[in-house]
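For reference, the structure discussed in these notes is given below.
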Amino acid sequence: MPELAEVEYFRRRWNAGLGQRVAHVLVHPKAGVFKKTDATTLAARLTGATLDASEAAAKQMLFRATAADGAPLWLGIHLGMTGELFVAPAGHAPRKGDHLVLVQRDRALVFTDPRMFGRVLFHEGPDAPAWWTDIAPAVTSPAFSIGALTVFLARRARTPIKAVLLMQERFPGIGNWMADEILWRAAIHPRRPAGSLSPDETKTLHREIRHVATHALRIIGRANAPTMPDPPPDWLFQHRWTDGGLCPKTKAPLVREEIGGRTTCWSPARQKL
DNA sequence: TCCTATGTTGTATG
DNA sequence: ACATACAACATAGG
(Lines give C-alpha, C1' and ligand atoms only; values in the text may rest on other atoms or scores of the structure.)
Protein backbone atom coordinates (compact mmCIF):
# COMPACT_ATOMS: atom_id res chain seq x y z
CA MET A 1 0.00 0.00 0.00
CA PRO A 2 2.54 2.59 1.03
CA GLU A 3 4.15 5.22 -1.14
CA LEU A 4 5.55 8.57 -0.06
CA ALA A 5 2.40 10.01 1.50
CA GLU A 6 1.09 6.80 3.03
CA VAL A 7 4.45 6.22 4.70
CA GLU A 8 4.21 9.69 6.22
CA TYR A 9 0.68 8.95 7.40
CA PHE A 10 1.73 5.71 9.10
CA ARG A 11 4.82 7.29 10.63
CA ARG A 12 2.69 9.89 12.38
CA ARG A 13 0.49 7.21 13.89
CA TRP A 14 3.37 6.31 16.21
CA ASN A 15 3.77 9.93 17.39
CA ALA A 16 1.83 9.09 20.55
CA GLY A 17 4.81 7.02 21.65
CA LEU A 18 7.50 9.69 21.20
CA GLY A 19 9.14 10.84 24.43
CA GLN A 20 7.99 7.61 26.06
CA ARG A 21 9.96 4.64 27.30
CA VAL A 22 9.71 1.21 25.69
CA ALA A 23 8.93 -1.29 28.45
CA HIS A 24 9.43 -4.36 26.33
CA VAL A 25 9.70 -5.50 22.73
CA LEU A 26 7.93 -8.36 20.99
CA VAL A 27 9.40 -9.82 17.80
CA HIS A 28 9.06 -12.83 15.55
CA PRO A 29 12.82 -13.12 14.98
CA LYS A 30 12.57 -15.51 12.06
CA ALA A 31 10.11 -13.39 10.09
CA GLY A 32 11.31 -12.22 6.69
CA VAL A 33 11.09 -8.59 7.73
CA PHE A 34 14.20 -9.17 9.86
CA LYS A 35 16.28 -10.50 6.98
CA LYS A 36 18.69 -7.57 7.25
CA THR A 37 18.61 -7.22 11.02
CA ASP A 38 19.47 -9.16 14.15
CA ALA A 39 16.02 -9.12 15.75
CA THR A 40 17.34 -10.37 19.08
CA THR A 41 19.83 -7.52 19.42
CA LEU A 42 17.23 -5.02 18.30
CA ALA A 43 14.77 -6.23 20.92
CA ALA A 44 17.40 -6.21 23.66
CA ARG A 45 18.64 -2.71 22.91
CA LEU A 46 15.21 -1.14 22.45
CA THR A 47 13.99 -2.56 25.75
CA GLY A 48 14.16 0.30 28.24
CA ALA A 49 14.99 2.83 25.51
CA THR A 50 13.14 6.10 25.01
CA LEU A 51 11.75 7.02 21.61
CA ASP A 52 12.98 10.51 20.71
CA ALA A 53 11.82 11.44 17.22
CA SER A 54 10.83 10.13 13.81
CA GLU A 55 11.21 11.08 10.17
CA ALA A 56 10.04 9.74 6.83
CA ALA A 57 11.96 9.79 3.55
CA ALA A 58 11.15 7.98 0.34
CA LYS A 59 9.28 4.85 1.45
CA GLN A 60 11.23 4.51 4.67
CA MET A 61 10.73 5.65 8.23
CA LEU A 62 13.34 6.33 10.88
CA PHE A 63 12.68 6.21 14.63
CA ARG A 64 15.46 7.57 16.80
CA ALA A 65 15.77 6.34 20.34
CA THR A 66 18.12 6.52 23.30
CA ALA A 67 19.02 3.24 24.93
CA ALA A 68 18.75 2.73 28.68
CA ASP A 69 22.55 3.18 28.87
CA GLY A 70 22.44 6.38 26.81
CA ALA A 71 23.54 5.01 23.42
CA PRO A 72 21.83 6.42 20.30
CA LEU A 73 19.65 3.88 18.49
CA TRP A 74 18.25 4.04 14.96
CA LEU A 75 15.22 1.96 13.97
CA GLY A 76 14.27 1.88 10.29
CA ILE A 77 11.05 0.48 8.86
CA HIS A 78 10.12 -0.10 5.22
CA LEU A 79 6.48 -1.05 4.78
CA GLY A 80 6.93 -3.04 1.58
CA MET A 81 3.66 -3.71 -0.20
CA THR A 82 1.29 -4.44 2.70
CA GLY A 83 2.94 -3.03 5.82
CA GLU A 84 1.21 -0.74 8.29
CA LEU A 85 1.90 0.89 11.62
CA PHE A 86 -0.81 1.25 14.22
CA VAL A 87 -1.28 1.93 17.90
CA ALA A 88 -3.02 -0.60 20.13
CA PRO A 89 -3.70 -0.91 23.86
CA ALA A 90 -0.65 -1.86 25.93
CA GLY A 91 -1.98 -5.40 26.34
CA HIS A 92 -2.11 -6.03 22.58
CA ALA A 93 -1.59 -9.72 21.80
CA PRO A 94 0.45 -9.90 18.57
CA ARG A 95 -1.29 -11.72 15.78
CA LYS A 96 0.17 -13.42 12.75
CA GLY A 97 1.78 -10.63 10.77
CA ASP A 98 2.50 -8.37 13.77
CA HIS A 99 6.27 -8.66 13.47
CA LEU A 100 7.45 -5.90 15.78
CA VAL A 101 5.64 -4.50 18.83
CA LEU A 102 7.09 -1.79 21.05
CA VAL A 103 5.13 -2.01 24.27
CA GLN A 104 4.96 1.18 26.34
CA ARG A 105 3.15 1.86 29.61
CA ASP A 106 0.04 3.26 27.91
CA ARG A 107 0.08 1.73 24.42
CA ALA A 108 1.64 -0.75 22.02
CA LEU A 109 3.27 0.46 18.79
CA VAL A 110 2.70 -2.26 16.19
CA PHE A 111 4.35 -2.94 12.83
CA THR A 112 2.28 -5.44 10.88
CA ASP A 113 2.93 -6.80 7.39
CA PRO A 114 1.14 -9.97 6.20
CA ARG A 115 3.04 -10.28 2.96
CA MET A 116 6.43 -9.62 4.54
CA PHE A 117 7.92 -7.54 1.75
CA GLY A 118 8.66 -4.92 4.40
CA ARG A 119 11.98 -4.64 6.25
CA VAL A 120 13.13 -3.63 9.71
CA LEU A 121 16.57 -2.06 10.00
CA PHE A 122 18.56 -1.28 13.12
CA HIS A 123 21.72 0.64 13.89
CA GLU A 124 23.53 1.75 17.02
CA GLY A 125 25.99 4.63 17.20
CA PRO A 126 26.31 8.41 17.11
CA ASP A 127 25.96 8.78 13.32
CA ALA A 128 22.98 8.06 11.06
CA PRO A 129 23.41 4.77 9.18
CA ALA A 130 24.05 4.59 5.44
CA TRP A 131 20.64 3.04 4.79
CA TRP A 132 19.20 6.35 5.90
CA THR A 133 21.72 8.91 4.65
CA ASP A 134 21.98 7.28 1.21
CA ILE A 135 18.33 7.98 0.35
CA ALA A 136 18.09 10.26 -2.69
CA PRO A 137 16.97 13.89 -2.18
CA ALA A 138 13.20 14.32 -2.04
CA VAL A 139 11.36 15.18 -5.25
CA THR A 140 10.00 18.22 -3.40
CA SER A 141 13.52 19.51 -2.62
CA PRO A 142 15.58 21.99 -4.69
CA ALA A 143 18.05 19.19 -5.48
CA PHE A 144 15.37 17.60 -7.64
CA SER A 145 15.91 20.02 -10.51
CA ILE A 146 14.86 19.93 -14.15
CA GLY A 147 18.53 19.46 -15.00
CA ALA A 148 18.88 16.44 -12.76
CA LEU A 149 15.69 15.00 -14.22
CA THR A 150 16.90 15.54 -17.79
CA VAL A 151 20.21 13.79 -17.10
CA PHE A 152 18.45 10.82 -15.53
CA LEU A 153 15.97 10.42 -18.41
CA ALA A 154 18.82 10.49 -20.91
CA ARG A 155 20.61 7.72 -19.05
CA ARG A 156 17.48 5.52 -19.06
CA ALA A 157 16.63 6.53 -22.61
CA ARG A 158 15.14 3.23 -23.84
CA THR A 159 13.11 2.33 -20.76
CA PRO A 160 9.40 3.24 -20.65
CA ILE A 161 8.90 6.43 -18.65
CA LYS A 162 6.51 4.59 -16.34
CA ALA A 163 9.23 2.17 -15.25
CA VAL A 164 11.74 5.01 -14.87
CA LEU A 165 9.48 6.91 -12.47
CA LEU A 166 9.55 3.90 -10.15
CA MET A 167 13.35 4.09 -9.75
CA GLN A 168 13.95 5.11 -6.17
CA GLU A 169 17.48 6.37 -6.79
CA ARG A 170 15.96 9.42 -8.50
CA PHE A 171 12.28 9.44 -7.50
CA PRO A 172 12.29 8.45 -3.84
CA GLY A 173 8.82 7.60 -2.60
CA ILE A 174 7.15 7.43 -6.00
CA GLY A 175 5.25 4.16 -6.42
CA ASN A 176 2.82 2.61 -8.83
CA TRP A 177 -0.21 4.80 -8.29
CA MET A 178 1.76 8.06 -8.01
CA ALA A 179 3.64 7.31 -11.23
CA ASP A 180 0.36 6.79 -13.10
CA GLU A 181 -1.12 9.92 -11.53
CA ILE A 182 1.90 11.98 -12.59
CA LEU A 183 1.92 10.76 -16.20
CA TRP A 184 -1.83 11.26 -16.48
CA ARG A 185 -1.58 14.86 -15.28
CA ALA A 186 1.42 15.47 -17.56
CA ALA A 187 -0.45 13.91 -20.52
CA ILE A 188 2.47 11.59 -21.28
CA HIS A 189 1.89 8.01 -22.42
CA PRO A 190 3.46 5.55 -19.93
CA ARG A 191 5.14 3.56 -22.73
CA ARG A 192 7.07 6.54 -24.07
CA PRO A 193 10.82 5.84 -23.90
CA ALA A 194 12.32 8.11 -21.24
CA GLY A 195 14.80 9.49 -23.75
CA SER A 196 12.07 10.58 -26.15
CA LEU A 197 10.60 13.37 -23.99
CA SER A 198 11.05 16.88 -25.38
CA PRO A 199 12.42 19.64 -23.12
CA ASP A 200 8.87 20.98 -22.73
CA GLU A 201 7.54 17.55 -21.77
CA THR A 202 10.39 17.11 -19.31
CA LYS A 203 9.52 20.44 -17.72
CA THR A 204 5.86 19.42 -17.45
CA LEU A 205 6.83 16.06 -15.99
CA HIS A 206 9.00 17.78 -13.41
CA ARG A 207 6.14 20.10 -12.43
CA GLU A 208 3.63 17.26 -12.10
CA ILE A 209 5.98 15.06 -10.06
CA ARG A 210 6.21 17.87 -7.53
CA HIS A 211 2.51 18.61 -7.72
CA VAL A 212 1.41 15.03 -7.03
CA ALA A 213 4.00 14.55 -4.26
CA THR A 214 3.13 17.83 -2.54
CA HIS A 215 -0.62 17.34 -2.67
CA ALA A 216 -0.50 13.66 -1.71
CA LEU A 217 1.56 14.60 1.33
CA ARG A 218 -0.94 17.30 2.21
CA ILE A 219 -4.06 15.16 1.74
CA ILE A 220 -2.84 11.79 2.98
CA GLY A 221 0.42 12.41 4.84
CA ARG A 222 -0.85 15.16 7.13
CA ALA A 223 -4.25 13.58 7.83
CA ASN A 224 -5.11 12.74 11.42
CA ALA A 225 -8.09 10.56 10.56
CA PRO A 226 -8.07 7.02 11.99
CA THR A 227 -8.41 5.61 8.49
CA MET A 228 -6.25 6.82 5.65
CA PRO A 229 -8.00 9.35 3.40
CA ASP A 230 -8.09 8.94 -0.39
CA PRO A 231 -7.23 11.69 -2.86
CA PRO A 232 -10.22 13.64 -4.29
CA PRO A 233 -12.45 12.25 -7.09
CA ASP A 234 -10.81 14.39 -9.75
CA TRP A 235 -7.58 12.39 -9.33
CA LEU A 236 -6.95 9.30 -11.45
CA PHE A 237 -6.50 7.40 -8.18
CA GLN A 238 -10.25 7.09 -7.61
CA HIS A 239 -10.88 5.50 -11.00
CA ARG A 240 -7.78 3.46 -11.83
CA TRP A 241 -8.91 0.14 -10.37
CA THR A 242 -12.54 0.29 -11.46
CA ASP A 243 -13.38 -1.85 -14.49
CA GLY A 244 -14.86 0.49 -17.06
CA GLY A 245 -13.47 3.49 -15.19
CA LEU A 246 -13.60 6.87 -16.92
CA CYS A 247 -10.91 9.55 -17.12
CA PRO A 248 -11.94 12.40 -14.79
CA LYS A 249 -10.68 14.95 -17.33
CA THR A 250 -11.90 13.59 -20.69
CA LYS A 251 -14.68 11.24 -19.50
CA ALA A 252 -13.29 8.71 -21.98
CA PRO A 253 -12.57 5.12 -20.88
CA LEU A 254 -9.32 4.35 -19.07
CA VAL A 255 -7.01 1.51 -20.07
CA ARG A 256 -5.02 -0.92 -17.88
CA GLU A 257 -2.01 -2.86 -19.10
CA GLU A 258 1.22 -4.17 -17.66
CA ILE A 259 4.20 -1.88 -18.29
CA GLY A 260 7.59 -2.54 -16.75
CA GLY A 261 6.12 -5.43 -14.80
CA ARG A 262 3.48 -3.31 -13.07
CA THR A 263 -0.19 -2.76 -13.84
CA THR A 264 -0.45 0.67 -15.38
CA CYS A 265 -3.57 2.78 -15.92
CA TRP A 266 -3.82 5.66 -18.36
CA SER A 267 -6.23 7.74 -20.38
CA PRO A 268 -5.66 7.11 -24.10
CA ALA A 269 -7.67 10.23 -24.92
CA ARG A 270 -5.01 12.47 -23.37
CA GLN A 271 -1.85 10.30 -23.23
CA LYS A 272 -0.69 9.43 -26.75
CA LEU A 273 2.29 7.45 -27.94
C1' DT B 1 -8.81 -22.70 -8.92
C1' DC B 2 -6.85 -18.68 -10.68
C1' DC B 3 -5.79 -14.02 -10.61
C1' DT B 4 -4.54 -9.84 -8.57
C1' DA B 5 -1.95 -6.76 -5.27
C1' DT B 6 0.32 1.25 -3.59
C1' DG B 7 7.73 -3.03 -3.63
C1' DT B 8 12.53 -4.30 -3.94
C1' DT B 9 16.31 -7.21 -5.20
C1' DG B 10 19.13 -10.61 -7.42
C1' DT B 11 20.43 -12.41 -11.73
C1' DA B 12 20.89 -13.03 -16.66
C1' DT B 13 21.65 -10.80 -20.92
C1' DG B 14 22.96 -7.31 -24.05
C1' DA C 1 30.78 -1.01 -15.91
C1' DC C 2 26.22 0.11 -17.36
C1' DA C 3 21.50 -0.48 -18.97
C1' DT C 4 17.57 -3.41 -19.32
C1' DA C 5 14.16 -7.07 -18.27
C1' DC C 6 12.18 -10.32 -15.37
C1' DA C 7 11.68 -13.97 -11.82
C1' DA C 8 11.48 -14.38 -6.95
C1' DC C 9 10.08 -13.22 -2.43
C1' DA C 10 5.01 -14.58 0.74
C1' DT C 11 0.23 -13.98 1.72
C1' DA C 12 -4.64 -12.69 1.45
C1' DG C 13 -8.66 -11.63 -0.87
C1' DG C 14 -11.86 -11.37 -4.86
Side-chain angles (χ1 to χ4, degrees), chain A residues 1-11 28 30-37 56-61 76-85 94-99 111-121 130-132 134-136 139 151-184 190-196 209 212-213 215-217 219-221 223 227-231 235-245 254-266:
Chain A
M1 165 180 282
E3 303 179 20
L4 188 68
E6 291 92 344
V7 170
E8 175 66 1
Y9 173 82
F10 286 127
R11 174 189 73 82
H28 287 162
K30 291 198 291 187
V33 297
F34 293 112
K35 232 170 216 170
K36 301 178 176 178
T37 310
K59 296 173 190 171
Q60 291 202 72
M61 291 171 284
I77 298 181
H78 191 300
L79 297 172
M81 194 87 98
T82 51
E84 293 188 19
L85 300 191
R95 287 171 299 189
K96 185 176 160 72
D98 294 351
H99 305 297
F111 165 48
T112 193
D113 180 13
R115 210 167 153 187
M116 290 200 277
F117 287 175
R119 291 293 178 262
V120 176
L121 304 171
W131 50 256
W132 185 253
D134 287 353
I135 294 173
V139 296
V151 167
F152 193 77
L153 297 186
R155 180 162 286 191
R156 309 290 180 165
R158 293 147 64 102
T159 306
I161 185 63
K162 165 62 189 281
V164 172
L165 284 178
L166 296 176
M167 295 177 178
Q168 300 298 296
E169 73 237 54
R170 181 48 72 188
F171 308 104
I174 303 297
N176 203 31
W177 79 255
M178 286 182 83
D180 286 357
E181 197 78 41
I182 289 161
L183 292 172
W184 173 72
R191 270 194 215 283
R192 289 276 303 281
S196 75
I209 289 168
V212 170
H215 287 261
L217 281 167
I219 296 162
I220 300 170
T227 55
M228 198 162 52
D230 282 340
W235 285 41
L236 178 66
F237 184 95
Q238 297 276 4
H239 313 269
R240 52 175 290 126
W241 300 119
T242 318
D243 286 337
L254 296 167
V255 168
R256 281 200 303 269
E257 265 176 46
E258 187 164 298
I259 299 178
R262 307 297 300 277
T263 300
T264 300
C265 178
W266 74 95

Taking atom P of dA10(C) as reference, at what distance in whole Å does atom CE of Met116(A) sit? 7 Å

Check each of Val139(A), Ile209(A), Ile161(A) against Ile182(A) using the side chain to side chain contact (heavy atoms under 4.5 Å, CB included) test, and report the only one that passes. Ile209(A)

Tell me, please, which residues at least two apart from Asp134(A) pass salt bridge (charged side-chain N to carboxylate O under 4.0 Å, His left out). none

Euclidean distance, atom CZ of residue Phe34(A) to atom P of dA10(C) [Å, nearest integer]: 15 Å

Spatial distance of atom CD (Glu257(A)) from atom CZ (Arg191(A)) [nearest 0.5 Å]: 4.5 Å

Selected nucleotide, minimal atom distance to Arg155(A) side chain, candidates dA3(C), dT8(B), dA12(C): dA3(C)

Backbone of Arg262(A) reached by a side-chain donor or acceptor of Thr264(A) within 3.5 Å: yes

Length of the CZ-P vector between Arg240(A) and dT4(B), whole Å: 15 Å

Separation of the P atoms in dT4(B) and dC6(C), to the nearest angstrom: 16 Å

The nucleotide from dT8(B), dA5(B), dT9(B) with an atom nearest the side chain of Lys36(A) is dT9(B)

What is the base-pairing partner of dT13(B), counting Watson-Crick and G-U wobble geometry with both distances under 3.5 Å? dA3(C)

Base partner of dA10(C), which must satisfy Watson-Crick or wobble distances under 3.5 Å: none

Between dG7(B) (P) and Glu169(A) (CD): distance, integer Å: 15 Å

Please determine, for the side chain of Trp241(A), which listed nucleotide (dA5(B), dG7(B), dA5(C)) has the closest atom? dA5(B)

Between dC3(B) and dA7(C), how far apart are the P atoms? Round to whole Å, please. 15 Å

Report the distance from atom CH2 of Trp184(A) to atom CZ of Phe237(A), rounding to the nearest 0.5 Å. 13.0 Å

Of the candidate nucleotides dG7(B), dA5(B), dT4(C), which contains the atom at the shortest distance from the side chain of Arg158(A)? dT4(C)

To the nearest Å, give me how far apart CG (Asn176(A)) and P (dG7(B)) are. 6 Å

Treating Gln238(A) as the side-chain partner and Pro231(A) as the backbone partner, does any N or O pair qualify as donor plus acceptor under 3.5 Å? yes

What's the closest nucleotide to the Thr263(A) side chain, out of dA5(B), dT11(C), dT4(C)? dA5(B)

Picking from dA12(C), dA3(C), dA5(C), which would you name as closest to the side chain of Pro160(A)? dA5(C)

side-chain N/O His78(A) vs dT8(B) OP1/OP2, d < 4.0 Å: yes

Assess whether side-chain contact (heavy atoms from CB on, under 4.5 Å) is satisfied between Phe171(A) and Met178(A), documenting all intermediate values. CA-CA 11 Å; Phe171(A) 308 104; Met178(A) 286 182 83; over 6 Å; no

Just call it for Gly175(A): base, sugar-phosphate, or nothing, with non-hydrogen atoms closer than 4.0 Å on any strand. sugar-phosphate

For dT8(B), does either OP1 or OP2 sit under 4.0 Å from a side-chain N or O belonging to Gln168(A)? yes

Using heavy-atom distances to pick each residue's nearest nucleotide on DNA chain C, tell me which of Gly260(A) and Phe117(A) is more 5'. Gly260(A)

Pairs under 3.5 Å (N/O, protein and nucleotides 10-14 of chain B):
none

Give the rounded distance in Å between these two atoms: CZ of Arg115(A) and P of dT9(B). 15 Å

Look at all strands and tell whether Ala163(A) reaches a base, only sugar-phosphate, or nothing, counting heavy atoms closer than 4.0 Å. nothing

Report yes or no: does His28(A) contribute a side-chain atom to a donor-acceptor pair with the main-chain N or O of Lys30(A) at less than 3.5 Å? no

Return the value, rounded to whole Å, for the distance between atom CG of Leu166(A) and atom C1' of dT4(C). 14 Å

Can you tell me how far P of dT9(B) sits from CZ of Arg119(A), to the nearest Å? 9 Å

Go through Leu79(A) and Leu85(A) one step at a time and tell me if the side-chain contact (heavy atoms from CB on, under 4.5 Å) criterion holds. CA-CA 8 Å; Leu79(A) 297 172; Leu85(A) 300 191; 4.2 Å; yes

Could you work out the separation of dA10(C) and dT11(B) based on their P atoms and round it to a whole Å? 15 Å

